[in-house]
Amino acid sequence: MPAQIGVTGLAVMGANLARNFARNGYTVALHNRSVAKTDALLAAHGDEGDFIRTETLAELVENLEVPRRVLIMVKAGAPVDAVIEQLVPLLEAGDIVIDAGNSHYEDTRRREAALAEKGLHFVGVGVSGGEEGALLGPSIMPGGSRESYDALGPMLEKISAKVDGEPCCAWIGTDGAGHFVKMVHNGIEYADMQVIGEAYDLLRSGAGIEPAEQAAIFADWNKGDLASFLIEITAEVLGHVDAKTGKPFIDVVVDSAGQKGTGRWTVVSGLDLGSPVSGIAESVFARALSSQRGQRAEAQTALEGAVSEVALPENFVEDVRQALYASKLVSYAQGLDMLTSAAGEYGWDLKLDEIASLWRAGCIIRAELLKDITKAYAGGARPANLLFAPAFRDAIAAALPAWRRVVATAVQLGIPVPVFSSSLAYYDGLRRDRLPAALTQGLRDLFGAHTYGRIDAEGTFHTLWGGDKSEVAAVDTH
Ligand code: NDP
(Lines give C-alpha, C1' and ligand atoms only; values in the text may rest on other atoms or scores of the structure.)
Protein backbone atom coordinates (compact mmCIF):
# COMPACT_ATOMS: atom_id res chain seq x y z
CA MET A 1 0.00 0.00 0.00
CA PRO A 2 1.43 3.41 -0.90
CA ALA A 3 2.14 5.79 1.94
CA GLN A 4 -0.13 8.75 2.63
CA ILE A 5 2.83 10.86 3.62
CA GLY A 6 6.59 10.82 3.26
CA VAL A 7 8.90 12.38 5.82
CA THR A 8 12.43 13.41 4.93
CA GLY A 9 14.71 14.53 7.76
CA LEU A 10 14.54 12.11 10.64
CA ALA A 11 16.38 13.92 13.40
CA VAL A 12 14.44 14.31 16.61
CA MET A 13 11.57 16.44 15.26
CA GLY A 14 11.07 14.59 11.97
CA ALA A 15 11.29 11.18 13.62
CA ASN A 16 8.69 12.11 16.21
CA LEU A 17 6.31 13.60 13.65
CA ALA A 18 6.68 10.47 11.50
CA ARG A 19 5.88 8.30 14.53
CA ASN A 20 2.90 10.50 15.37
CA PHE A 21 1.47 10.01 11.84
CA ALA A 22 2.07 6.25 12.05
CA ARG A 23 0.51 5.97 15.51
CA ASN A 24 -2.55 7.69 14.08
CA GLY A 25 -2.96 5.01 11.44
CA TYR A 26 -1.20 6.57 8.44
CA THR A 27 1.37 4.71 6.37
CA VAL A 28 4.54 6.77 6.45
CA ALA A 29 7.44 6.56 4.02
CA LEU A 30 10.73 7.44 5.70
CA HIS A 31 13.83 9.11 4.31
CA ASN A 32 16.92 10.75 5.73
CA ARG A 33 20.05 11.97 3.96
CA SER A 34 22.12 9.49 5.96
CA VAL A 35 20.35 6.13 6.06
CA ALA A 36 21.58 5.42 9.59
CA LYS A 37 18.87 7.68 11.09
CA THR A 38 16.14 5.90 9.13
CA ASP A 39 17.35 2.52 10.34
CA ALA A 40 17.71 3.73 13.93
CA LEU A 41 14.12 4.95 13.88
CA LEU A 42 12.85 1.68 12.44
CA ALA A 43 14.87 -0.38 14.91
CA ALA A 44 13.58 1.53 17.91
CA HIS A 45 9.98 2.25 16.84
CA GLY A 46 9.27 0.30 13.65
CA ASP A 47 6.51 -1.63 15.43
CA GLU A 48 4.47 1.49 16.22
CA GLY A 49 2.78 1.59 12.82
CA ASP A 50 3.19 1.16 9.08
CA PHE A 51 6.49 2.56 7.85
CA ILE A 52 8.16 2.22 4.46
CA ARG A 53 11.95 2.41 4.50
CA THR A 54 13.55 4.30 1.62
CA GLU A 55 17.12 5.26 0.87
CA THR A 56 16.70 7.97 -1.77
CA LEU A 57 14.28 10.81 -2.39
CA ALA A 58 13.28 9.14 -5.66
CA GLU A 59 12.38 5.99 -3.76
CA LEU A 60 10.48 8.06 -1.19
CA VAL A 61 8.42 9.73 -3.91
CA GLU A 62 7.72 6.39 -5.67
CA ASN A 63 6.14 5.08 -2.51
CA LEU A 64 3.59 7.87 -2.06
CA GLU A 65 -0.08 8.00 -3.02
CA VAL A 66 -1.17 10.85 -5.33
CA PRO A 67 -1.29 13.75 -4.66
CA ARG A 68 2.04 13.14 -3.00
CA ARG A 69 2.65 14.70 0.38
CA VAL A 70 6.30 15.11 1.29
CA LEU A 71 7.11 16.61 4.67
CA ILE A 72 10.58 18.12 5.01
CA MET A 73 11.96 18.34 8.54
CA VAL A 74 15.61 19.24 8.04
CA LYS A 75 17.74 22.02 9.47
CA ALA A 76 16.17 25.40 8.65
CA GLY A 77 17.84 27.59 6.00
CA ALA A 78 19.92 26.35 3.07
CA PRO A 79 19.24 22.62 3.75
CA VAL A 80 15.53 23.18 3.06
CA ASP A 81 16.35 24.74 -0.32
CA ALA A 82 18.76 21.89 -1.06
CA VAL A 83 16.09 19.27 -0.38
CA ILE A 84 13.46 21.18 -2.38
CA GLU A 85 15.83 21.37 -5.34
CA GLN A 86 16.32 17.60 -5.33
CA LEU A 87 12.66 16.89 -4.72
CA VAL A 88 10.95 19.11 -7.27
CA PRO A 89 12.06 17.22 -10.44
CA LEU A 90 10.62 14.04 -8.91
CA LEU A 91 7.14 15.49 -8.35
CA GLU A 92 4.07 16.23 -10.50
CA ALA A 93 1.63 19.13 -10.57
CA GLY A 94 -0.76 18.94 -7.63
CA ASP A 95 1.75 17.35 -5.25
CA ILE A 96 2.31 18.96 -1.87
CA VAL A 97 5.70 19.85 -0.37
CA ILE A 98 5.51 20.62 3.33
CA ASP A 99 8.20 22.42 5.34
CA ALA A 100 7.45 21.89 9.02
CA GLY A 101 10.74 23.30 10.34
CA ASN A 102 11.35 26.71 11.84
CA SER A 103 11.75 28.53 8.54
CA HIS A 104 11.61 32.28 8.18
CA TYR A 105 8.27 33.29 6.65
CA GLU A 106 9.97 35.31 3.91
CA ASP A 107 11.78 32.12 2.81
CA THR A 108 8.43 30.37 2.83
CA ARG A 109 6.85 33.10 0.68
CA ARG A 110 9.75 32.79 -1.78
CA ARG A 111 9.56 28.99 -1.92
CA GLU A 112 5.78 28.98 -2.26
CA ALA A 113 5.94 31.35 -5.22
CA ALA A 114 8.66 29.30 -6.92
CA LEU A 115 6.84 25.98 -6.50
CA ALA A 116 3.47 27.46 -7.48
CA GLU A 117 5.02 28.27 -10.89
CA LYS A 118 5.60 24.54 -11.33
CA GLY A 119 2.04 23.67 -10.26
CA LEU A 120 3.22 22.34 -6.89
CA HIS A 121 1.75 23.27 -3.54
CA PHE A 122 4.20 24.46 -0.94
CA VAL A 123 2.96 24.45 2.61
CA GLY A 124 4.98 26.18 5.35
CA VAL A 125 3.83 24.72 8.63
CA GLY A 126 4.58 26.17 12.05
CA VAL A 127 4.90 23.36 14.58
CA SER A 128 5.13 24.13 18.26
CA GLY A 129 5.59 21.88 21.24
CA GLY A 130 9.15 20.70 20.90
CA GLU A 131 10.18 17.08 20.80
CA GLU A 132 7.41 15.79 23.01
CA GLY A 133 4.73 17.79 21.22
CA ALA A 134 5.85 16.43 17.84
CA LEU A 135 5.26 12.91 19.12
CA LEU A 136 2.19 13.32 21.29
CA GLY A 137 0.37 16.20 19.60
CA PRO A 138 1.78 19.61 18.70
CA SER A 139 0.05 22.86 17.97
CA ILE A 140 0.13 23.14 14.17
CA MET A 141 -0.04 26.32 12.06
CA PRO A 142 -0.20 25.47 8.33
CA GLY A 143 0.04 28.10 5.61
CA GLY A 144 -0.20 27.62 1.84
CA SER A 145 -3.10 27.39 -0.55
CA ARG A 146 -6.56 26.53 0.71
CA GLU A 147 -6.66 23.68 -1.81
CA SER A 148 -3.55 22.11 -0.29
CA TYR A 149 -5.17 22.27 3.14
CA ASP A 150 -8.12 20.24 1.87
CA ALA A 151 -5.69 17.43 0.99
CA LEU A 152 -3.39 17.77 3.98
CA GLY A 153 -5.35 19.44 6.79
CA PRO A 154 -7.28 16.40 8.03
CA MET A 155 -4.00 14.51 8.57
CA LEU A 156 -2.43 17.42 10.42
CA GLU A 157 -5.54 17.88 12.52
CA LYS A 158 -5.45 14.21 13.45
CA ILE A 159 -1.89 14.34 14.80
CA SER A 160 -2.31 17.70 16.55
CA ALA A 161 -2.98 18.44 20.20
CA LYS A 162 -6.66 18.55 21.15
CA VAL A 163 -8.70 20.67 23.54
CA ASP A 164 -12.09 19.11 24.36
CA GLY A 165 -11.71 17.06 21.20
CA GLU A 166 -11.02 20.12 19.01
CA PRO A 167 -7.74 20.00 17.07
CA CYS A 168 -5.08 22.66 17.72
CA CYS A 169 -4.60 22.99 13.99
CA ALA A 170 -6.34 25.21 11.46
CA TRP A 171 -5.52 26.69 8.09
CA ILE A 172 -3.85 30.01 8.83
CA GLY A 173 -3.58 31.66 5.43
CA THR A 174 -1.68 31.70 2.18
CA ASP A 175 2.10 31.37 1.62
CA GLY A 176 4.11 32.35 4.73
CA ALA A 177 1.15 32.89 7.08
CA GLY A 178 1.73 29.70 9.08
CA HIS A 179 5.40 30.36 9.67
CA PHE A 180 4.66 34.00 10.49
CA VAL A 181 2.15 33.03 13.15
CA LYS A 182 4.59 30.46 14.56
CA MET A 183 7.27 33.15 14.69
CA VAL A 184 4.99 35.50 16.63
CA HIS A 185 4.11 32.61 18.94
CA ASN A 186 7.80 32.25 19.69
CA GLY A 187 8.14 36.01 20.23
CA ILE A 188 5.32 35.88 22.77
CA GLU A 189 7.07 32.91 24.36
CA TYR A 190 10.18 35.08 24.87
CA ALA A 191 8.11 37.79 26.58
CA ASP A 192 6.23 35.22 28.65
CA MET A 193 9.49 33.81 29.99
CA GLN A 194 10.96 37.24 30.62
CA VAL A 195 8.01 38.42 32.74
CA ILE A 196 8.24 35.22 34.76
CA GLY A 197 11.95 35.94 35.25
CA GLU A 198 11.21 39.49 36.37
CA ALA A 199 8.66 38.24 38.89
CA TYR A 200 11.18 35.72 40.23
CA ASP A 201 13.87 38.40 40.53
CA LEU A 202 11.54 40.79 42.39
CA LEU A 203 10.48 38.08 44.81
CA ARG A 204 14.06 36.93 45.35
CA SER A 205 16.06 40.17 45.34
CA GLY A 206 13.25 42.44 46.50
CA ALA A 207 11.38 40.30 49.00
CA GLY A 208 14.10 37.77 49.85
CA ILE A 209 11.95 34.75 49.03
CA GLU A 210 14.11 31.68 48.38
CA PRO A 211 13.55 29.48 45.30
CA ALA A 212 11.94 26.59 47.20
CA GLU A 213 9.34 28.91 48.69
CA GLN A 214 8.85 30.56 45.32
CA ALA A 215 8.17 27.14 43.80
CA ALA A 216 5.14 26.93 46.07
CA ILE A 217 4.09 30.47 45.15
CA PHE A 218 4.28 29.73 41.42
CA ALA A 219 2.43 26.43 41.91
CA ASP A 220 -0.28 28.43 43.66
CA TRP A 221 -0.35 31.04 40.89
CA ASN A 222 -0.81 28.20 38.44
CA LYS A 223 -4.24 27.59 39.93
CA GLY A 224 -5.53 31.06 39.01
CA ASP A 225 -5.70 33.26 35.91
CA LEU A 226 -1.97 32.78 35.28
CA ALA A 227 -2.44 29.02 34.83
CA SER A 228 -0.14 27.96 32.02
CA PHE A 229 2.55 25.49 31.03
CA LEU A 230 5.34 28.03 31.62
CA ILE A 231 4.16 28.91 35.16
CA GLU A 232 3.82 25.19 35.90
CA ILE A 233 7.38 24.42 34.84
CA THR A 234 8.69 27.52 36.62
CA ALA A 235 7.50 25.92 39.87
CA GLU A 236 9.35 22.74 38.89
CA VAL A 237 12.62 24.48 38.00
CA LEU A 238 12.59 26.69 41.11
CA GLY A 239 11.87 23.70 43.33
CA HIS A 240 14.73 21.67 41.90
CA VAL A 241 17.83 21.19 44.06
CA ASP A 242 21.26 20.60 42.49
CA ALA A 243 22.39 17.09 43.43
CA LYS A 244 26.07 18.01 43.31
CA THR A 245 26.03 21.03 45.64
CA GLY A 246 22.70 20.83 47.46
CA LYS A 247 22.03 24.39 46.33
CA PRO A 248 18.91 25.54 44.50
CA PHE A 249 19.42 24.44 40.90
CA ILE A 250 18.84 27.99 39.67
CA ASP A 251 21.85 29.20 41.66
CA VAL A 252 24.27 26.94 39.80
CA VAL A 253 23.06 27.82 36.30
CA VAL A 254 25.01 30.48 34.36
CA ASP A 255 22.74 33.54 34.10
CA SER A 256 23.25 34.13 30.41
CA ALA A 257 20.28 33.23 28.20
CA GLY A 258 20.65 31.69 24.77
CA GLN A 259 18.47 32.27 21.75
CA LYS A 260 18.00 30.56 18.42
CA GLY A 261 16.63 33.56 16.56
CA THR A 262 12.84 33.44 16.30
CA GLY A 263 12.46 36.17 18.96
CA ARG A 264 14.84 38.37 17.00
CA TRP A 265 12.93 37.63 13.78
CA THR A 266 9.71 38.75 15.47
CA VAL A 267 11.26 42.02 16.57
CA VAL A 268 12.78 42.70 13.15
CA SER A 269 9.38 42.06 11.53
CA GLY A 270 7.75 44.26 14.16
CA LEU A 271 10.12 47.06 13.21
CA ASP A 272 9.45 46.52 9.50
CA LEU A 273 5.70 46.58 10.04
CA GLY A 274 5.84 49.55 12.43
CA SER A 275 4.22 47.33 15.05
CA PRO A 276 5.10 48.21 18.68
CA VAL A 277 6.10 44.79 20.04
CA SER A 278 8.06 46.41 22.84
CA GLY A 279 7.63 43.54 25.32
CA ILE A 280 9.04 41.01 22.88
CA ALA A 281 11.86 43.40 21.93
CA GLU A 282 12.79 44.00 25.57
CA SER A 283 12.82 40.24 26.13
CA VAL A 284 15.24 39.69 23.27
CA PHE A 285 17.43 42.57 24.50
CA ALA A 286 17.31 41.22 28.06
CA ARG A 287 18.78 37.95 26.79
CA ALA A 288 21.40 39.86 24.81
CA LEU A 289 22.39 41.89 27.89
CA SER A 290 22.57 38.73 30.00
CA SER A 291 25.06 37.35 27.48
CA GLN A 292 27.42 40.33 27.79
CA ARG A 293 29.19 38.65 30.66
CA GLY A 294 32.45 40.58 30.35
CA GLN A 295 30.79 43.97 30.61
CA ARG A 296 28.51 42.76 33.39
CA ALA A 297 31.51 41.60 35.40
CA GLU A 298 33.24 44.95 34.95
CA ALA A 299 30.07 46.84 35.85
CA GLN A 300 30.04 45.17 39.28
CA THR A 301 32.80 47.57 40.32
CA ALA A 302 32.68 50.23 37.60
CA LEU A 303 29.08 51.38 37.96
CA GLU A 304 27.30 52.91 40.92
CA GLY A 305 23.81 51.63 41.83
CA ALA A 306 22.51 54.37 44.12
CA VAL A 307 19.49 52.30 44.99
CA SER A 308 16.94 53.55 47.50
CA GLU A 309 15.95 51.93 50.75
CA VAL A 310 12.24 51.37 50.28
CA ALA A 311 9.66 49.53 52.28
CA LEU A 312 8.00 46.90 50.14
CA PRO A 313 4.30 47.41 49.47
CA GLU A 314 2.19 45.49 51.97
CA ASN A 315 1.00 42.70 49.66
CA PHE A 316 4.07 42.58 47.48
CA VAL A 317 3.73 38.97 46.34
CA GLU A 318 0.16 39.57 45.20
CA ASP A 319 1.21 42.85 43.59
CA VAL A 320 3.89 41.01 41.62
CA ARG A 321 1.36 38.41 40.51
CA GLN A 322 -0.92 41.13 39.18
CA ALA A 323 1.94 42.97 37.48
CA LEU A 324 2.98 39.69 35.86
CA TYR A 325 -0.55 39.08 34.61
CA ALA A 326 -0.93 42.60 33.21
CA SER A 327 2.48 42.55 31.50
CA LYS A 328 1.78 39.13 30.03
CA LEU A 329 -1.52 40.38 28.68
CA VAL A 330 0.23 43.33 27.03
CA SER A 331 2.71 40.96 25.34
CA TYR A 332 -0.16 38.93 23.89
CA ALA A 333 -1.94 42.14 22.86
CA GLN A 334 1.19 43.35 21.09
CA GLY A 335 1.77 39.99 19.36
CA LEU A 336 -1.83 39.82 18.14
CA ASP A 337 -1.68 43.45 17.00
CA MET A 338 1.39 42.55 14.97
CA LEU A 339 -0.59 39.72 13.35
CA THR A 340 -3.24 42.24 12.37
CA SER A 341 -0.60 44.50 10.81
CA ALA A 342 0.94 41.57 8.94
CA ALA A 343 -2.47 40.45 7.68
CA GLY A 344 -2.88 43.88 6.08
CA GLU A 345 0.63 43.90 4.66
CA TYR A 346 0.61 40.39 3.19
CA GLY A 347 -3.08 40.00 2.35
CA TRP A 348 -3.73 37.25 4.91
CA ASP A 349 -7.17 36.80 6.40
CA LEU A 350 -5.86 35.88 9.84
CA LYS A 351 -8.57 34.74 12.23
CA LEU A 352 -7.33 35.72 15.67
CA ASP A 353 -9.87 33.58 17.52
CA GLU A 354 -8.72 30.46 15.64
CA ILE A 355 -5.07 31.32 16.18
CA ALA A 356 -5.54 31.87 19.92
CA SER A 357 -7.56 28.69 20.00
CA LEU A 358 -4.87 26.52 18.43
CA TRP A 359 -2.30 27.82 20.94
CA ARG A 360 -4.44 26.45 23.81
CA ALA A 361 -2.66 23.10 23.84
CA GLY A 362 0.43 21.41 22.49
CA CYS A 363 2.58 24.53 22.41
CA ILE A 364 4.87 26.27 24.87
CA ILE A 365 2.65 29.30 25.51
CA ARG A 366 -0.43 27.19 26.21
CA ALA A 367 -2.37 28.95 28.93
CA GLU A 368 -5.84 29.36 30.39
CA LEU A 369 -5.68 32.96 29.22
CA LEU A 370 -5.89 31.79 25.61
CA LYS A 371 -9.44 30.54 26.19
CA ASP A 372 -10.45 34.09 27.10
CA ILE A 373 -8.50 35.51 24.16
CA THR A 374 -10.33 33.10 21.86
CA LYS A 375 -13.61 34.36 23.29
CA ALA A 376 -12.57 38.01 22.86
CA TYR A 377 -12.32 37.50 19.08
CA ALA A 378 -15.15 34.96 18.72
CA GLY A 379 -17.94 35.42 16.23
CA GLY A 380 -15.99 37.88 14.14
CA ALA A 381 -15.51 40.34 17.04
CA ARG A 382 -12.53 42.54 16.21
CA PRO A 383 -11.49 44.72 19.11
CA ALA A 384 -8.82 47.04 17.66
CA ASN A 385 -6.61 45.90 20.52
CA LEU A 386 -6.97 42.88 22.78
CA LEU A 387 -6.86 45.24 25.75
CA PHE A 388 -10.14 46.82 24.59
CA ALA A 389 -12.04 43.54 24.93
CA PRO A 390 -14.22 44.07 28.02
CA ALA A 391 -12.85 41.13 30.02
CA PHE A 392 -9.24 42.24 29.56
CA ARG A 393 -9.97 45.94 29.90
CA ASP A 394 -11.46 45.21 33.33
CA ALA A 395 -8.67 42.79 34.31
CA ILE A 396 -5.99 45.37 33.53
CA ALA A 397 -7.91 48.11 35.35
CA ALA A 398 -8.01 45.89 38.43
CA ALA A 399 -4.27 45.12 38.20
CA LEU A 400 -3.15 48.67 37.44
CA PRO A 401 -2.49 49.98 40.98
CA ALA A 402 -0.40 46.91 41.83
CA TRP A 403 1.41 47.10 38.48
CA ARG A 404 2.40 50.72 39.09
CA ARG A 405 3.54 49.95 42.67
CA VAL A 406 5.68 47.05 41.48
CA VAL A 407 7.38 49.01 38.69
CA ALA A 408 8.00 52.00 41.01
CA THR A 409 9.42 49.71 43.70
CA ALA A 410 11.62 47.86 41.21
CA VAL A 411 13.06 51.14 39.93
CA GLN A 412 13.88 52.29 43.46
CA LEU A 413 15.43 48.95 44.35
CA GLY A 414 17.50 48.87 41.16
CA ILE A 415 15.94 45.60 39.97
CA PRO A 416 15.58 45.68 36.17
CA VAL A 417 12.07 44.90 34.99
CA PRO A 418 12.25 45.77 31.29
CA VAL A 419 9.03 44.05 30.26
CA PHE A 420 6.97 44.98 33.34
CA SER A 421 7.95 48.62 32.82
CA SER A 422 7.85 48.80 29.02
CA SER A 423 4.43 47.11 29.01
CA LEU A 424 3.18 49.73 31.44
CA ALA A 425 4.69 52.44 29.24
CA TYR A 426 2.90 50.91 26.23
CA TYR A 427 -0.37 50.88 28.15
CA ASP A 428 0.04 54.47 29.27
CA GLY A 429 1.21 55.53 25.82
CA LEU A 430 -1.83 53.93 24.21
CA ARG A 431 -4.32 55.66 26.48
CA ARG A 432 -2.66 59.07 26.60
CA ASP A 433 -4.60 61.95 25.12
CA ARG A 434 -1.58 63.86 23.77
CA LEU A 435 1.82 62.31 23.16
CA PRO A 436 5.12 64.18 22.87
CA ALA A 437 5.21 62.93 19.27
CA ALA A 438 3.94 66.45 18.48
CA LEU A 439 7.29 67.79 19.66
CA THR A 440 9.11 65.12 17.65
CA GLN A 441 7.24 66.33 14.56
CA GLY A 442 8.19 69.94 15.33
CA LEU A 443 11.86 69.01 15.68
CA ARG A 444 11.80 66.97 12.48
CA ASP A 445 10.25 69.86 10.62
CA LEU A 446 12.85 72.28 11.95
CA PHE A 447 15.97 70.29 11.16
CA GLY A 448 14.78 68.40 8.09
CA ALA A 449 11.65 70.09 6.74
CA HIS A 450 9.87 66.78 7.29
CA THR A 451 6.49 68.58 7.61
CA TYR A 452 3.67 67.98 10.09
CA GLY A 453 -0.10 67.74 10.23
CA ARG A 454 -2.29 70.18 12.14
CA ILE A 455 -5.05 69.18 14.54
CA ASP A 456 -7.34 71.81 12.99
CA ALA A 457 -6.73 71.44 9.24
CA GLU A 458 -6.31 68.83 6.53
CA GLY A 459 -2.99 68.49 4.70
CA THR A 460 0.65 68.80 5.67
CA PHE A 461 2.52 71.92 6.64
CA HIS A 462 6.00 73.33 7.06
CA THR A 463 7.17 76.25 9.13
CA LEU A 464 9.86 78.49 7.61
CA TRP A 465 12.09 78.09 10.66
CA GLY A 466 15.09 79.88 9.11
CA GLY A 467 12.96 82.78 7.88
CA ASP A 468 9.98 84.60 9.33
CA LYS A 469 8.58 81.39 10.91
CA SER A 470 5.41 81.64 8.89
CA GLU A 471 3.64 78.44 7.96
CA VAL A 472 3.26 77.18 4.42
CA ALA A 473 1.30 74.28 3.00
CA ALA A 474 3.75 71.51 2.17
CA VAL A 475 3.86 70.05 -1.31
CA ASP A 476 2.84 66.41 -1.27
CA THR A 477 5.81 64.53 -2.67
CA HIS A 478 4.10 61.13 -2.62
P1 NDP B 1 18.12 19.56 12.93
O2 NDP B 1 17.69 20.98 12.80
O3 NDP B 1 19.19 19.23 13.88
O4 NDP B 1 18.48 19.02 11.48
C5 NDP B 1 19.01 17.72 11.30
C6 NDP B 1 18.36 17.07 10.12
O7 NDP B 1 18.58 17.87 8.95
C8 NDP B 1 18.99 15.72 9.84
O9 NDP B 1 17.97 14.85 9.42
C10 NDP B 1 19.97 16.04 8.75
O11 NDP B 1 20.30 14.93 7.96
C12 NDP B 1 19.16 17.03 7.96
N13 NDP B 1 19.97 17.84 7.06
C14 NDP B 1 20.81 18.84 7.38
N15 NDP B 1 21.36 19.38 6.26
C16 NDP B 1 20.82 18.72 5.23
C17 NDP B 1 20.99 18.82 3.82
N18 NDP B 1 21.77 19.76 3.28
N19 NDP B 1 20.28 17.98 3.04
C20 NDP B 1 19.46 17.06 3.58
N21 NDP B 1 19.28 16.93 4.90
C22 NDP B 1 19.96 17.74 5.71
O23 NDP B 1 16.81 18.65 13.26
P24 NDP B 1 15.65 18.87 14.32
O25 NDP B 1 14.82 17.65 14.27
O26 NDP B 1 16.18 19.33 15.63
O27 NDP B 1 14.84 20.12 13.72
C28 NDP B 1 14.24 20.08 12.45
C29 NDP B 1 13.49 21.38 12.24
O30 NDP B 1 12.54 21.53 13.27
C31 NDP B 1 14.36 22.64 12.29
O32 NDP B 1 13.84 23.59 11.43
C33 NDP B 1 14.19 23.13 13.70
O34 NDP B 1 14.38 24.52 13.85
C35 NDP B 1 12.77 22.75 13.97
N36 NDP B 1 12.55 22.49 15.39
C37 NDP B 1 11.37 22.76 15.86
C38 NDP B 1 11.12 22.58 17.18
C39 NDP B 1 9.78 22.87 17.63
O40 NDP B 1 9.51 22.89 18.81
N41 NDP B 1 8.89 23.08 16.69
C42 NDP B 1 12.06 22.08 18.15
C43 NDP B 1 13.25 21.75 17.55
C44 NDP B 1 13.46 21.97 16.22
P45 NDP B 1 21.56 13.98 8.36
O46 NDP B 1 21.04 13.08 9.43
O47 NDP B 1 21.91 13.28 7.11
O48 NDP B 1 22.64 14.90 8.86
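Both counts, for ligands and for their atoms, begin at 1 and track the order of listing.
- Any N or O atom pair closer than 3.5 Å counts here, and V127 shares at least one such pair with ligand 1.
- Looking from atom 9 (O) of ligand 1 to the surrounding protein, the closest heavy atom is N32 OD1, 2.7 Å.
- Contacts between V83 and ligand 1, counted as non-hydrogen atom pairs separated by less than 4.0 Å, involve the side chain only.
- Comparing V80, T38, V74, T262 against atom 13 (N) of ligand 1, the shortest heavy-atom distance belongs to V74.
- If you check which protein heavy atom lies closest to atom 27 (O) of ligand 1, you get M13 CG, 3.8 Å.
- The single protein non-hydrogen atom nearest to atom 6 (C) of ligand 1 is A11 CB, 3.9 Å, given as residue, atom name and distance.
- Ligand 1 has a nitrogen or oxygen under 3.5 angstrom from a nitrogen or oxygen of G130.
- The nearest heavy-atom contact from the protein to atom 34 (O) of ligand 1 is N102 CB, 3.4 Å.
- Across the listed options R33, H31, K260, K75, R33 owns the non-hydrogen atom lying nearest to atom 16 (C) of ligand 1.
- Numbered from 1 in the order shown, with element, the atoms of ligand 1 that lie under 4.0 Å from a heavy atom of P79 read 15 (N), 16 (C), 17 (C), 18 (N).
- Nearest to atom 46 (O) of ligand 1 among the protein's heavy atoms is K37 NZ, 2.5 Å.
- Judged by distance alone, the side chains of D175 and Y105 never bring a donor and an acceptor atom under 3.5 Å apart.
- Near V12, meaning under 4.0 Å from one of its heavy atoms, ligand 1 places the atoms 25 (O), 26 (O).
- Atom CG of residue L358 and atom NE2 of residue H185 lie 9.5 Å apart, to the nearest 0.5 angstrom.
- For ligand 1, the atoms lying closer than 4.0 Å to a non-hydrogen atom of A76 are 32 (O).
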